[in-house]
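What you see is a predicted model; the values in this text were computed from it and never measured. Residue numbers count from 1 along this sequence.
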Amino acid sequence: MLRLTSQKVLGSSRVVAATTRGFASVPQWATMDPHQLGVDATPYDVSNCVGGKWTADTKSKMIIPHPLDKDAPPIFTIPDTQADEVGPFLESLRACSKTGLHNPLKNPERYVQYGEISRRAGDALMQPDIAEFFTQSIIKCVPKSHAQAMGEVAVTAAFLNNFGGDNVRRLAQSFGVPGDHYGQMSVGHRWPYGPVALVTPFNFPLEIPVLQLMGALFMGNKPVLKPSEQVSIVMEQFIKLLQHCGMDPADVDFLNCKGPVAQKVIVEAPVRVTQFTGSSKVGEMLSAATHGKVKLEDAGFDWKIIGPDVDNVDYVAWQCDQDAYASIGQKCSAQSIVFIHENWKAAGLVDKMQANAAKRTMDDFTVGPVLTNTTQKFLDHTNRLASIPGAKVLWGGKELANHNIPEQYGAVEPTAVFVPLEEMMKEEHFDDCTTELFAPFQVVTFYNDDSLDTVLEATERMSHHLTAAVVSNDPAFQTKVLANTVNGTTYAGRRARTTGAPQNHWFGPAGDPRGAGIGTPEAIKLVWSCHREIINDNLVPAAWSQPKTT
């Protein structure tokens with residue numbers, strides 16, 4: 001069923017027509033209809049969940065504005081939980097011991113139960129009505145194209161299906177090593193931490209928190225989830241789905257609050273590990289507050305190097321556009337800078353990239369609000385880079401026309417700034433050129449065979465190493481770049497991209513011992529469990545006699 005909605009833009013006769021897909025009915029476990037968010041004069045109230053009970057009883061609320069229309073009603077409110085209201089959360093977390101809710105020797109039946117919960121939840125997300133329910137919920141919070149939002153739901157469903165059946169308990173698979181004598185064997189186990197926390201971002205309001213939350217639960221931990229305020233409603237509804245699928249409501253606490261209050265809970269509980277996805281500044285603050293008890297998936301100034309072998313130009317241009325501007329550039333894996341070999345100039349690669357960027361429009365949410373930067377901050381950064389000698393704005397660099405996006409958000413055209421490689425490498429420019437803006441923005445520069453080592457030096461000097469792409473089918477070129485870079489998720493080959501975070505491979509940074517992965521069994525075990533060695537030594541020899549004291 002297709003539903004056509006229209007929204008008048010203040011100060012313009014233009015009408016933004018957005019084609020959305022409806023669903024036959026709101027799921028039975030759901031407590032809101034996403035189509036009514038930002039329409040009803042009385043906004044929906046998101047609740048906290050603690051100790052298995054849902055409650056919105058806090059002294060104050062945070063109002064989440066409509067991200068596309070500052071004159072529309074808010075899309076929802078959330079509890080603004082204060083420091084003097086977190087007692088129940090502290091009590092709930094402290095009730096979980098360091099041995100967790102289950103481990104290989106304690107309550108092992110819970111591994112089987114979570115395999116079934118995961119299977120049921122995965123099946124639910126594959127049902128068209130429920131998939132569309134979450135897709136529309138995402139779009140209302142973080143306007144992005146229907147394909148991008150639905151892709152997030154599909155990845156989450158596939159992840160949940162991956163861990164149906166026995167695959168949860170296989171995450172905790174132990175191994176034995178023969179001992180020194182008869183009756184002795186050492187056994188390595190994956191052990192939970194007990195009380196843990198997740199602090200999750202706005203840009204993937206379903207995929208990132210679900211994959212990390214389920215990993216924490218699979219391994220036997222008791223998590224408290226603190227989502228980003230702008231998108232809290234998505235995980236509220238998913239937790240209700242988990243409870244419908246058989247999860248004990250007391251297994252997950254759901255906390256809506258500002259950052260300092262979340263930190264108070266994490267420090268005072270105390271939480272034994274916190275998985276944080278978001279800005280590097282906040283990640284470092286949490287790392288200091290918890291004395292390093294964090295797993296971080298933070299900043300991502302992500303590079304793409306396009307090699308000397310020119311082919312499939314239209315495809316490479318399309319992928320560059322997708323990497324830089326899909327989801328309005330608000331991906332930690334977005335293409336932040338592209339180093340293009342000069343051989344591609346004659347092929348018109350940059351012109352094709354510009355033509356693709358020009359096709360993006362608010363009508364289908366391929367452009368839209370930037371939720372972490374204002375328009376002015378975006379334009380100031382653009383102008384700063386454009387002021388570098390030899391630099392220029394290639395396209396964009398302007399505020400969107402005919403919009404009604406709230407002032408606290410950004411409203412900008414997809415933008416690219418060319419900066420000469422030699423100028424970018426100068427001390428006075430490098431940090432600005434490699435600052436992640438988390439918006440539809442990229443730096444473009446050229447290099448040649450003689451300056452490849454300078455490009456590799458640039459990747460070495462960058463501070464965070466999340467994703468990267470080496471666009472080349474030349475094995476010698478590919479090998480040199482891969483051997484001298486460290487990014488944790490790196491695509492190589494003609495179809496290489498930076499924005500690849502499906503459920504089937506590791507996604508996460510490299511080069512930082514605090515780095516957190518997501519999605520795979522290896523990521524789950526790394527982030528949500530620790531190693532415990534138990535040495536079984538049972539049999540005293542019948543002929544034993546006491547030796548000389550040493």
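Judged by the 6.0 Å distance and 45° axis criteria, K304 is not positioned over the aromatic ring of F339. In this structure, K264 forms no cation-pi arrangement with F89, as its terminal cationic atom is not both closer than 6.0 Å to the ring centre and no more than 45° off the ring axis.
Annotation: side chain of L255 is not in contact with side chain of L225 (no heavy-atom distance under 4.5 Å). Taking 4.5 Å as the limit, every side-chain heavy atom of N404 sits out of range of all side-chain heavy atoms of L68. Counting only heavy atoms from C-beta outward, the side chains of P509 and L296 never approach each other to under 4.5 Å. V142 has its side chain out of reach of F204: every pair of non-hydrogen atoms, C-beta onward, lies at least 4.5 Å apart. Between V350 and F418, every side-chain heavy-atom pair lies at or beyond the 4.5 Å cut-off. Using a 4.5 Å heavy-atom cutoff, the side chains of N356 and Q354 are not in contact. Looking at heavy atoms from C-beta onward, V153 lies out of side-chain contact with E207 at the 4.5 angstrom threshold. Between E152 and P205, the closest side-chain pair of non-hydrogen atoms falls below 4.5 Å.
Between P475 and N473 the shortest heavy-atom distance is CD-O, 3.2 Å. The minimum heavy-atom distance between V234 and C141, with the atom names listed, is CG2-SG, 4.1 Å. The nearest pair of heavy atoms linking A411 to I405 is CB-CD1, 3.7 Å. Between C257 and K226, the shortest heavy-atom contact is O-CE, 3.0 Å. Shown here for L466 and C332, the closest heavy-atom pair between the two residues is CD2-O, 3.4 Å. Between T445 and V419 the shortest heavy-atom distance is OG1-O, 2.7 Å.
Side-chain atoms of K144 come within 3.5 Å of backbone N or O of N203 as a donor-acceptor pair. Looking at W344, its side chain does come within 3.5 Å of a backbone N or O of G307 through a donor-acceptor pair. Although no hydrogens or angles enter the test, the distance criterion places a donor-acceptor pair under 3.5 Å between the side chain of D364 and the main chain of T366. With hydrogens and angles ignored, the 3.5 Å screen pairs a side-chain donor or acceptor of T498 with a backbone N or O of S333. Looking at T58, its side chain never comes within 3.5 Å of a backbone N or O of T81 through a donor-acceptor pair. Remark: the backbone N or O of Q330 is not paired with any side-chain donor or acceptor of S327 at under 3.5 angstrom. Side chain of R495 to main chain of Y315: no donor-acceptor pair is present (N/O by atom type, distance under 3.5 Å, no hydrogens or angles). A distance-only check finds no donor-acceptor pair linking the side chain of K352 to the backbone of D314 [under 3.5 Å]. With hydrogens and angles ignored, the 3.5 Å screen pairs no side-chain donor or acceptor of T490 with any backbone N or O of A468. T415 contributes a side-chain N or O that, together with a main-chain N or O of G397, makes up a donor-acceptor pair within less than 3.5 Å.
Ion pairing of K331 with D323 is absent here, as no side-chain N (NZ or NE/NH1/NH2) approaches a carboxylate O to less than 4.0 Å. Salt bridge status for R497 with D302: absent, with no side-chain N to carboxylate O gap under 4.0 Å. We find that R360 and E413 are not joined by a salt bridge, their nearest charged nitrogen and carboxylate oxygen being 4.0 Å or further apart.
Within 6.0 Å of NZ in K281 there are 12 or fewer heavy atoms belonging to other residues, nucleotides or ligands.
Residues passing the ring-ring contact (aromatic ring centres under 6.0 Å, His included) test with H341, sequence neighbours excluded: Y447. The salt bridge (charged side-chain N to carboxylate O under 4.0 Å, His left out) search around D40 returns none, not counting sequence neighbours. For L526, the side chain to side chain contact (heavy atoms under 4.5 Å, CB included) test picks out K295, W506, with sequence neighbours left out. For H429, the side-chain hydrogen bond (donor to acceptor under 3.5 Å, both in side chains) test picks out R384, with sequence neighbours left out. With sequence neighbours left out, R514 forms a salt bridge (charged side-chain N to carboxylate O under 4.0 Å, His left out) with E284, D512.
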inquiry  = Applying side chain to side chain contact (heavy atoms under 4.5 Å, CB included) to V316 and V471, what does each step give before you reach the verdict?
reply    = CA-CA 8 Å; V316 173; V471 183; 4.0 Å; yes
task = May I have the step-by-step check of side chain to side chain contact (heavy atoms under 4.5 Å, CB included) for T200 and F276, ending in yes or no?
result = CA-CA 6 Å; T200 59; F276 172 78; over 6 Å; no
task = Please test D309 against R494 for salt bridge (Lys or Arg N to Asp or Glu O under 4.0 Å), starting from the C-alpha separation and ending with a verdict.
result = CA-CA 9 Å; D309 47 322; R494 182 79 69 225; 3.3 Å; yes
request  = For D380 and Q376, run side-chain hydrogen bond (donor to acceptor under 3.5 Å, both in side chains): C-alpha distance rounded to whole Å, both residues' side-chain angles, the deciding distance at 0.1 Å, then the answer.
outcome  = CA-CA 6 Å; D380 288 346; Q376 191 58 53; 2.8 Å; yes
request  = Could you please spell out the steps behind the side chain to side chain contact (heavy atoms under 4.5 Å, CB included) verdict for I340 and L349?
outcome  = CA-CA 9 Å; I340 305 173; L349 175 63; 3.9 Å; yes
task = Go through the steps to decide whether Q237 and S137 satisfy the test side chain to side chain contact (heavy atoms under 4.5 Å, CB included), and finish with yes or no.
result = CA-CA 9 Å; Q237 297 301 301; S137 299; 5.6 Å; no
key: D351/K345 under salt bridge (Lys or Arg N to Asp or Glu O under 4.0 Å): CA gap, chis, key distance, verdict   = CA-CA 9 Å; D351 290 339; K345 285 184 176 180; over 6 Å; no
query = How far apart are the C-alpha atoms of H505 and Y491, what are their side-chain angles, what is the distance that settles it, and do they pass the side-chain hydrogen bond (donor to acceptor under 3.5 Å, both in side chains) test?
reply = CA-CA 11 Å; H505 68 62; Y491 278 81; 2.8 Å; yes
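S232 and N256 are linked by a side-chain donor-acceptor pair at a separation below 3.5 angstrom, with hydrogens and angles left out of the test. A side-chain donor from one of Q275 and T277 sits under 3.5 Å from a side-chain acceptor of the other. Of the N and O atoms on the side chains of E460 and H465, not one donor lies less than 3.5 Å from an acceptor on the other residue. In this structure, a donor-acceptor pair under 3.5 Å is present between the side chains of S228 and Q230.
If you run side-chain contact (heavy atoms from CB on, under 4.5 Å) between V46 and each of E236, K61, M235, only E236 comes through.
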Show me the side-chain donor-acceptor pairs of residues 433-444 shorter than 3.5 Å, one per line, residues at least two apart or across chains.
from, atom 1, to, atom 2, distance (Å)
T434, OG1, F430, O, 2.8
T435, OG1, D431, O, 2.6
E436, OE1, G300, N, 3.1
Q442, OE1, Q335, NE2, 2.7
Q442, NE2, Y325, OH, 3.0

